[in-house]
There are 2 protein chains.
Amino acid sequence: MLSKKTQYALRALSFLAARFDQGPVLIHEIAEQKKIPIKFLENILLELKNADVLDSKKGRGGGYFLKTAPNQTSLAKVMRIVEGPIALLPCVSLYFYQKCADCTEEVCSINGVFIQVRDATLKILESKTLEDIQEMRLEALDFSI
Amino acid sequence: MLSKKTQYALRALSFLAARFDQGPVLIHEIAEQKKIPIKFLENILLELKNADVLDSKKGRGGGYFLKTAPNQTSLAKVMRIVEGPIALLPCVSLYFYQKCADCTEEVCSINGVFIQVRDATLKILESKTLEDIQEMRLEALDFSI
DNA sequence: AAATAACACCACAAAATTTGTAGACTAATA
DNA sequence: TATTAGTCTACAAATTTTGTGGTGTTATTT
């Protein structure tokens, strides 16, 4: 299961994706719209900024905004920033590899399956972007009916 | 990431799978071979027994053993017993569904991707069984060279 | 029947992680 | 220079994970 932190991050980003190119958005507004504790959200957005997903502007008229177009940031990237490894076992992670503590087998009989799971998961999460989880925009709705 | 508990469970089961039909195996022996804290392992094995994956025998000559052939227990089943949900979001879980707390969108823009991830993961974990992660058996090795 | 072996069960404790908060600081703008 | 809004550090509360202790129960052996 994804942590709340990651879920908050995805929600905030789906909101910011819908506002891409419309100027900075206040943390306060995101927190309110998405019902995320504001100080917690602060930390998350800052982390995403330090990882070059977001950018920000201080002072009046400031706020957060996507650094690049929504389709330029994969969900895998976001998840690695806020959640950490995507793989289910440390010994099978591409970016957070760790030798399994106390693995007693010379040839691990377990990790093969989890390499498959990892690859199947990554195939999706590397190809999907913020554009794919972008919140529905009001102006995109068709009111002509 | 899978919890240590789940990793321990998988290791213990890979060991028991290799010993299928060879009588009960002592908790003590599994703990030693697989370097798992014995009291922690007790809890795990009991849970797997209560879920009908394992069976046990008390007293002298007792121990734990697989209730059915290794290929009869899927990894998905094991993981649901010891780890809980396989899906990455509560609102997308088949066996542990929960409405997303504070989901503010009428139509969630996020869950579609995670349904895909869930399905890709389950396709593997439902089809792979304990037979697939079974520890190499010594008698299966070819010493003729 | 007594002794012993081994699982069953309950309750708790330590450790780690996650989630959330407080408050001072810095930068930008009007 | 006052105000606005992000930055940063540190901490605290809550929850989950990991691990332990002790007693009970059942089966086997002698």
Side-chain angles (χ1 to χ4, degrees), chain A residues 1-12 16 23-32 34-67 79 81-85 88 90 96 98 100-102, chain B residues 1-12 16 23-32 34-67 79 81-85 88 90 96 98 100-102:
Chain A
M1 275 312 222
L2 299 182
S3 64
K4 287 232 174 188
K5 186 183 174 191
T6 303
Q7 294 181 43
Y8 289 160
L10 291 173
R11 284 188 200 163
L16 288 173
V25 181
L26 296 181
I27 295 183
H28 179 79
E29 187 184 355
I30 306 173
E32 192 162 281
K34 292 298 179 180
K35 294 194 180 152
I36 303 172
I38 191 166
K39 293 294 280 183
F40 197 12
L41 182 59
E42 256 185 31
N43 298 333
I44 296 168
L45 297 181
L46 190 54
E47 208 171 339
L48 288 168
K49 176 185 169 170
N50 291 334
D52 279 333
V53 168
L54 296 179
D55 203 351
S56 69
K57 210 179 153 218
K58 286 184 175 183
R60 172 161 242 150
Y64 274 97
F65 50 94
L66 295 190
K67 192 164 184 174
M79 286 176 56
I81 294 165
V82 292
E83 180 86 14
L88 294 179
F96 298 86
Q98 278 187 292
C100 281
D102 306 323
Chain B
M1 277 310 225
L2 299 182
S3 64
K4 287 233 176 188
K5 187 183 175 191
T6 302
Q7 295 180 42
Y8 289 159
L10 292 173
R11 284 188 200 164
L16 288 173
V25 180
L26 296 182
I27 295 183
H28 181 78
E29 188 184 355
I30 307 172
E32 194 163 279
K34 293 299 180 181
K35 293 195 180 152
I36 303 172
I38 191 166
K39 292 293 280 184
F40 197 11
L41 181 58
E42 255 184 33
N43 298 336
I44 296 168
L45 296 181
L46 190 55
E47 207 171 338
L48 288 168
K49 176 187 167 166
N50 290 335
D52 277 334
V53 168
L54 295 180
D55 204 350
S56 69
K57 209 179 154 220
K58 285 187 177 182
R60 175 165 240 150
Y64 274 97
F65 49 94
L66 294 192
K67 192 163 188 176
M79 286 176 57
I81 294 166
V82 292
E83 180 86 14
L88 294 178
F96 299 85
Q98 276 187 291
C100 280
D102 306 324

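By convention in this document, chain letters (A, B, ...) are assigned in the order of the sequence lines, proteins followed by strands, and residues within each chain are numbered from 1.
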Hey, could you give me the CG/CG distance between A:L66 and A:L16, rounded to the nearest 0.5 Å? 5.5 Å
One should read off an interatomic distance between B:L10 CG and B:T6 OG1, to the nearest 0.5 angstrom, of 6.5 Å
What is the separation between atom CG on B:L41 and atom C1' on D:dT17, rounded to the nearest whole Å? 16 Å
When rounded to the nearest 0.5 angstrom, what distance separates CD in A:Q7 from CD1 in A:I36? 10.0 Å
Would you mind reading off the distance between B:I38 atom CD1 and D:dG22 atom C1', rounded to a whole angstrom? 15 Å
Along nucleotides 1-6 of chain D, 5' to 3', which nucleotides get a B, which get an S, and which get a -, given that the test is a protein heavy-atom distance under 4.0 Å? ---BSS
Restricting to side-chain contact (heavy atoms from CB on, under 4.5 Å), what partner residues turn up for B:S56, sequence neighbours left out? B:K49, B:Y64
Round to a whole Å and report the spacing from CD1 of B:I36 to C1' of D:dT17. 16 Å
Options C:dC9, C:dG20, D:dC8, nucleotide nearest the side-chain atoms of A:P37: C:dG20
Hey, is CD on A:Q98 packed in by over 12 heavy atoms from elsewhere, all under 6.0 Å? no
List the steps, then state whether side chain to side chain contact (heavy atoms under 4.5 Å, CB included) holds for A:M1 with B:F96. CA-CA 11 Å; A:M1 275 312 222; B:F96 299 85; 5.9 Å; no
Could you check B:L46, B:D52, B:L54, B:V53 and say which one makes a side chain to side chain contact (heavy atoms under 4.5 Å, CB included) with B:N50? B:L46
CG on A:L2 to CG on B:L88, rounded to 0.5 Å: 4.5 Å
What is the distance from CD1 of A:I44 to P of C:dT21, rounded to the nearest Å? 12 Å
I need the A:D55 CG to A:K67 NZ distance, nearest 0.5 Å. 5.5 Å
Taking for each residue the nucleotide of DNA chain C with the nearest heavy atom, is it A:E83 or B:N43 whose nucleotide lies nearer the 5' end? B:N43
The salt bridge (Lys or Arg N to Asp or Glu O under 4.0 Å) partners of A:K57 (sequence neighbours excluded) come to none
How many Å lie between CZ on A:F40 and C1' on D:dA12, as a whole number? 14 Å
Please list, in numerical order, the residues of residues 1-9 of chain B that have a heavy atom closer than 4.0 Å to any atom of DNA chain C. none
For A:K39, enumerate each residue passing the salt bridge (Lys or Arg N to Asp or Glu O under 4.0 Å) test, keeping only those at least two apart in sequence or located in another chain. A:E42
Under 3.5 Å, N/O pairs linking protein and nucleotides 14-17 of chain C:
none

Looking only at D:dC8, C:dC9, C:dT19, the nucleotide nearest the A:K39 side chain is D:dC8
What integer distance in Å separates A:D55:CG from C:dA28:P? 12 Å
